[in-house]
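Quick note: residue numbers are just sequence positions, from 1. One-based numbering, in listed order, for ligands and for the atoms of each.
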Amino acid sequence: MTPVVIESAAAMRLYIDERRRAEPECQVGFVPTMGALHRGHARLIEQARKACRTVVVSIFVNPLQFDRPDDLDRYPRTLETDLDLCAGLGVDTVFAPSAAEMYPRPPACVVDVHRLADHLCGRFRPGHFGGMATVVLKLFQIVRPDQAYFGEKDAQQLAIIRRLVADLNVPVEIVPVPTVRDEDGLALSSRNRRLSPEEREQATSLYRALGEARRQILAGARDPGEVRRHATAVIPAHAGIKLEYLAIVDPEELQPVEQVAGPVLVAGALWVGSTRLIDNLLCSPPP
Ligand code: AMP
């Protein structure tokens with residue numbers, strides 16, 4: 001069944017009001033995306049479909065969270081095939097607003113993300129997480145879901161959204177979904193479609209580096225510097241590849257650890273040509 005496509009915030013609110021009036025027990029599941037949907041997004045939608053009577057997917061490439069104009073311009077936009085995928089997964093409604101609909105005038109009030117954005121991607125993408133948190137809060141206000149689904153692939157985003165709803169008392173349950181990968185380990189991403197066949201090959205080195213870090217931690221390594229040294233050695237020295245960061249942080253506050261004494265998040269960002277890819281693994285040292 002083709003989902004209803006809604007472009008205005010007012011119509012989206014009305015749709016949810018009507019759904020809830022018609023069926024007061026109806027659970028609304030929400031999957032916010034930037035489109036160019038793939039199997040990773042599909043996993044989120046499937047989980048929402050299993051748990052909720054009404055499933056809303058938003059497709060919005062949010063200008064506020066792009067720190068580089070060229071990245072915003074080049075971000076893939078594939079609405080027609082996205083709608084086909086949503087239809088196949090039984091999505092009820094796709095909310096696909098324009099930038100003018102979401103930001104009729106430059107916002108004067110935005111979400112400010114403190115400590116949690118200091119490291120990992122936040123260090124290299126100024127304003128990104130504030131822009132992301134602002135649009136997610138706006139979307140929550142419009143859709144008012146019972147549950148919202150987020151991928152663990154974007155671990156810093158997920159940690160920040162969890163704090164957003166806790167700190168600002170947003171009445172929504174955040175449901176994490178494990179990262180969906182290709183067979184060789186590469187995390188699925190809308191940005192992967194920009195990779196040439198050679199770059200696609202090189203891109204797997206990020207997952208392999210994270211895997212090496214995990215191997216070190218499981219083998220008892222405690223010194224983050226030592227773990228990083230082994231992990232970064234996996235990234236091939238090639239002109240087109242540049243490791244932006246590989247960091248070992250605590251999974252909630254996202255601050256670098258001095259020693260691996262409990263579960264840690266090992267996260268990295270890798271430039272492959274002009275494409276920036278991110279990935280992470282949660283690692284627990286042996287007791
Ligand atoms: P995006 O469209 O990239 O903003 O992603 C929308 C949602 O899909 C976010 O919650 C992402 O974390 C999630 N997502 C993207 N790629 C994957 C993946 N490979 N596995 C699981 N979730 C993903």
Using a 4.0 Å cutoff against the non-hydrogen atoms of [X], which atoms of ligand 1 qualify?
X	value
Thr179	20 (N), 21 (C)
Phe150	10 (O)
Met34	1 (P), 2 (O), 4 (O)

Top protein contact for [atom], by heavy-atom distance:
atom	answer
atom 20 (N) of ligand 1	Val180 N, 2.8 Å
atom 3 (O) of ligand 1	Tyr75 OH, 3.9 Å
atom 6 (C) of ligand 1	Pro32 O, 3.4 Å

- Message: Looking only at side-chain N and O atoms, does Tyr103 offer a donor or acceptor that is under 3.5 Å from a partner on Asn62?
- Response: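 Judged by distance alone, the side chains do pair up.
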- Message: So does Leu246 get a backbone contact from the side chain of Arg228, meaning a donor-acceptor N/O pair under 3.5 Å?
- Response: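 Checking the backbone N and O of Leu246 against the side chain of Arg228, a donor-acceptor pair under 3.5 Å is found.
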Distance-only N or O hit between ligand 1 and [X], under 3.5 Å:
X	answer
Leu44	no
Gly151	yes
Leu188	yes
Asp154	yes

Could you establish whether [X] and ligand 1 come within less than 4.0 Å of each other, counting only heavy atoms on the residue side?
X	value
Arg39	no
Ala36	no
His41	yes
His38	yes

- Could you tell me whether Glu46 and Arg39 make a salt bridge, using a distance below 4.0 angstrom between a side-chain N and a carboxylate O?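 Answer for the salt bridge query: no.
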- Item | Pairing of Arg200 and Asp184 as salt bridge, 4.0 angstrom limit |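 Counted as a salt bridge, because a side-chain N and a carboxylate O are separated by less than 4.0 Å.
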- Message: Checking contacts here: is it the side chain or the backbone of Pro178 that comes within 4.0 Å of ligand 1, counting heavy atoms only? Could be both or neither.
- Response: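 It is the backbone that gets close, since no side chain atom is under 4.0 Å.
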- Query: Where does Gln157 meet ligand 1, judged by heavy-atom distances below 4.0 Å: at the side chain, the backbone, both, or neither?
  - Reply: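 Side chain only.
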- Message: Do Val57 and Thr33 have side chains that approach each other closer than 4.5 Å (heavy atoms only, starting at C-beta)?
- Response: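 Val57 vs Thr33: side chains touch.
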- Query: Should Arg193 and Thr78 be marked as a side chain to side chain contact (heavy atoms under 4.5 Å, CB included) after you check the CA-CA gap, both sets of side-chain angles, and the distance that decides it?
  - Reply: CA-CA 12 Å; Arg193 63 184 76 198; Thr78 60; 3.6 Å; yes
- Item | Neighbour count >12 (heavy atoms, 6.0 Å) for atom CZ, Arg19 |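 Enclosed: over 12 neighbouring heavy atoms sit under 6.0 Å from CZ of Arg19.
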- Message: More than 12 heavy atoms of other residues, nucleotides or ligands under 6.0 Å from CD of Gln255: yes or no?
- Response: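 Enclosed: over 12 neighbouring heavy atoms sit under 6.0 Å from CD of Gln255.
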- Task: Only counting residues at least two apart or in another chain, list the ones meeting ring pair (Phe, Tyr, Trp, His ring centres under 6.0 Å) with Tyr15.
- Result: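 Tyr15 satisfies ring pair (Phe, Tyr, Trp, His ring centres under 6.0 Å) with no other residue.
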- Message: Applying side chain to side chain contact (heavy atoms under 4.5 Å, CB included) to Thr54 and Glu23, what does each step give before you reach the verdict?
- Response: CA-CA 10 Å; Thr54 295; Glu23 203 181 328; 6.0 Å; no
